[in-house]
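Heads up: the structure comes next, in structure tokens.
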Amino acid sequence: MSQKLKAGILGGTGMVGQRFISLLENHPWFEVTTIAASPRSAGKRYEDAVGDRWKMDTPMPDAVKDLVVMNVNEVEAVASKVDFVFSAVDMSKEEIKAIEEAYAKTETPVVSNNSAHRWTEDVPMVVPEINAEHMKVIEFQKKRLGTERGFVAVKPNCSIQSYAPVLTAWMEFEPYEVVATTYQAISGAGKTFKDWPEMVGNVIPYIGGEEEKSEKEPLRIWGEIKDGVIVPATSPVITCQCIRVPVLNGHTAAVFVKFRKKPTKEQLIEKLKSFSGLPQELGLPSAPKHFIQYLEEDNRPQVTEDVDYEHGMGVSVGRLREDTVYDWKFIGLSHNTVRGAAGGAILCAELLKAQGYITAK
């Protein structure tokens with residue numbers, strides 16, 4: 001590509017916004033040209049607006065330090081400077097819905113990390129390896145919005161990335177009942193241990209809204225487009241508990257599964273190792289070469305060993321074994337702010353570009 005597409009980051013000063021900026025440094029297709037945030041940050045150099053709140057373990061890219069932060073509420077002004085935007089704004093759900101649609105109506109595609117539009121019937125919620133075909137619903141959304149190129153697309157919750165791809169790989173064996181417990185890192189709350197010292201040595205058995213998302217969002221991903229909307233699947237039934245644990249990055253899931261067809265362990269592992277999707281076929285820049293790895297050691301996957309598998313874009317699975325109540329159980333691990341947040345959204349944007357939905361204005 002001779003000229004990179006101009007990307008804006010809405011909510012660029014927060015943790016997920018920072019992760020977008022970090023991951024987009026030297027991206028072959030996209031360049032961050034505009035950062036928008038709350039009115040209190042607007043008008044400041046990005047480096048000054050963030051101050052001592054840079055939470056990434058890599059330095060702030062030089063290319064963004066001198067960008068003057070724009071007011072995210074000045075939609076027309078921000079939209080005029082970009083080809084599309086990533087959304088990581090910190091607002092109420094209704095405010096997020098309104099502002100993301102406002103950007104879309106300026107003919108600016110919005111690729112969102114937020115949950116506000118995940119259940120809007122004509123908004124695709126996509127894990128690119130699983131349901132890339134859901135992007136087709138964008139044509140119906142554009143009719144509703146009255147746009148030619150503007151739309152909203154979202155990625156799902158970080159908590160499901162460690163088990164929904166695994167269950168997808170096993171769909172031919174017809175999983176019908178799933179119990180999952182997720183052990184979720186503090187960066188999922190936008191925190192570090194410096195911000196949240198009370199999490200050191202602590203476990204909190206509640207994360208607001210996570211259990212419903214963890215149970216329902218996989219069904220929407222496995223759904224199908226009917227009459228211009230996405231209709232969720234009805235199976236497998238998933239019940240979930242979500243627990244905050246003293247880990248910086250990486251969501252771990254302990255999962256139990258019942259199958260209608262009875263696979264062998266060898267069959268299940270082979271399906272994981274061979275599972276891939278359109279991002280791998282297209283060679284998208286952020287796509288992991290091998291989406292899911294299976295680890296034979298009894299003490300894997302571990303956050304310290306495996307969270308950065310495939311630069312944080314892959315899923316690690318281990319401890320697959322027969323269960324006395326369910327058929328099989330396993331442990332899954334994914335990086336919650338890379339695959340589960342900004343990285344997953346960037347992969348969605350790459351897919352949308354490859355499919356012709358995101359183009360230069």
Side-chain angles (χ1 to χ4, degrees), residues 1 5 7 23 27-30 83-87 104 109-115 117-142 149-158 160-172 216-233 271-292 310-315 334-335 338-359:
M1 173 189 271
L5 293 172
L23 292 175
H27 192 281
W29 294 0
F30 309 142
D83 295 313
F84 73 105
V85 295
F86 292 105
S87 176
V110 178
V111 183
S112 181
N113 181 68
N114 296 305
S115 64
H117 273 296
R118 287 185 194 152
W119 289 91
T120 303
E121 290 182 321
D122 58 8
V123 170
M125 181 176 72
V126 172
V127 176
E129 286 87 352
I130 297 177
N131 61 326
E133 70 281 358
H134 281 195
M135 295 301 193
K136 292 176 184 173
V137 82
I138 286 169
E139 296 305 329
F140 298 96
Q141 184 193 148
K142 288 194 288 193
R149 72 189 293 283
F151 61 86
V152 179
V154 301
K155 53 144 287 297
N157 199 46
C158 53
I160 74 170
Q161 311 287 337
S162 53
Y163 59 91
V166 177
L167 296 172
T168 304
W170 294 342
M171 276 300 172
E172 69 183 77
K216 302 299 183 188
E217 287 187 16
L219 296 171
R220 190 169 195 260
I221 289 168
W222 296 321
E224 56 184 321
I225 300 172
K226 289 182 181 176
D227 300 321
V229 300
I230 295 166
V231 178
K271 290 298 177 187
L272 296 179
K273 289 180 174 179
S274 63
F275 184 70
S276 66
L278 197 54
Q280 287 72 35
E281 186 182 317
L282 296 173
L284 298 180
S286 299
K289 287 187 171 55
H290 300 104
F291 185 23
I292 304 173
E310 288 280 9
H311 306 289
M313 289 297 287
V315 176
S334 61
H335 197 305
V338 181
R339 167 57 76 162
I346 291 168
L347 188 60
C348 283
E350 292 169 359
L351 176 63
L352 287 161
K353 181 203 168 293
Q355 293 175 324
Y357 290 106
I358 293 179
T359 56

>> Taking the side chain as everything from C-beta on, heavy atoms only, tell me whether P128 gets closer than 4.5 Å to L278.
In response: no

>> Test of understanding: with side-chain hydrogen bond (donor to acceptor under 3.5 Å, both in side chains), list the residues that count as partners of Q280, not counting sequence neighbours.
In response: E129

> Can you name the nearest heavy-atom pair linking A349 to V111, along with the distance?
Replying inline: CB-CG2, 4.1 Å

>> Is there a side-chain contact between L347 and P279 in this structure, where contact means two heavy atoms from C-beta onward sitting under 4.5 Å apart?
In response: yes

> What distance do E121 atom CD and R220 atom CZ have between them, rounded to the nearest 0.5 Å?
Replying inline: 8.0 Å

> About how many Å separate CD of E310 and OG of S334, when rounded to the nearest 0.5 Å?
Replying inline: 14.0 Å

>> On a heavy-atom basis, which atom in G228 and which in V137 lie closest, and how many Å separate them?
In response: O-CG2, 3.4 Å

> Once you round to the nearest 0.5 Å, how far does NE2 of H134 lie from CH2 of W222?
Replying inline: 12.0 Å

> Is there a side-chain contact between I221 and P156, using heavy atoms and a 4.5 Å cut-off?
Replying inline: yes

> So, for I292 and P165, which heavy atoms are closest and what is the spacing to 0.1 Å?
Replying inline: CD1-O, 3.9 Å

> Is there a side-chain contact between E217 and W119 (heavy atoms, below 4.5 Å)?
Replying inline: yes

> Going by heavy atoms in the side chains, are P124 and I138 under 4.5 Å from each other?
Replying inline: yes

> Is the F30 ring parallel, tilted or perpendicular to the H27 ring (thresholds 30°, 60°)?
Replying inline: parallel

> Can you name the closest pair of heavy atoms from S112 and N114 and give their distance?
Replying inline: OG-N, 2.9 Å

> Side-chain contact, heavy-atom cut-off 4.5 Å: M135 with F151?
Replying inline: no

>> What's the separation between atom NZ in K353 and atom CG in L282, rounded to the nearest 0.5 Å?
In response: 10.5 Å

> Has the side chain of H311 got a donor or acceptor atom that lies under 3.5 Å from a matching backbone atom of V338?
Replying inline: no

> Do you know which two heavy atoms are closest between R149 and D83, and how far apart they sit?
Replying inline: NH1-O, 3.3 Å

>> So, taking the atom named CZ in F84 and the one named CD1 in I358, what distance separates them when rounded to the nearest 0.5 Å?
In response: 5.0 Å

> V127 versus R339: any side-chain heavy-atom pair under 4.5 Å?
Replying inline: yes

>> If you count heavy atoms of other groups shown closer than 6.0 angstrom to NE2 of H290, is the number above 12?
In response: no

> OG1 of T168 to CG of L272: how many Å apart, nearest 0.5 Å?
Replying inline: 10.5 Å

> Where do F86 and N113 land on the side chain to side chain contact (heavy atoms under 4.5 Å, CB included) test, with the steps shown first?
Replying inline: CA-CA 8 Å; F86 292 105; N113 181 68; over 6 Å; no

>> To check you understand the geometry: which heavy-atom pair defines the closest contact between E350 and W29, and what is its length?
In response: O-CZ3, 3.4 Å

>> Using a 6.0 Å cut-off, check whether atom NZ of K216 has over 12 heavy atoms from anything other than its own residue.
In response: no

>> Please check this pair: side chain of N131 against backbone of G223, looking for a donor-acceptor N/O pair closer than 3.5 Å.
In response: no

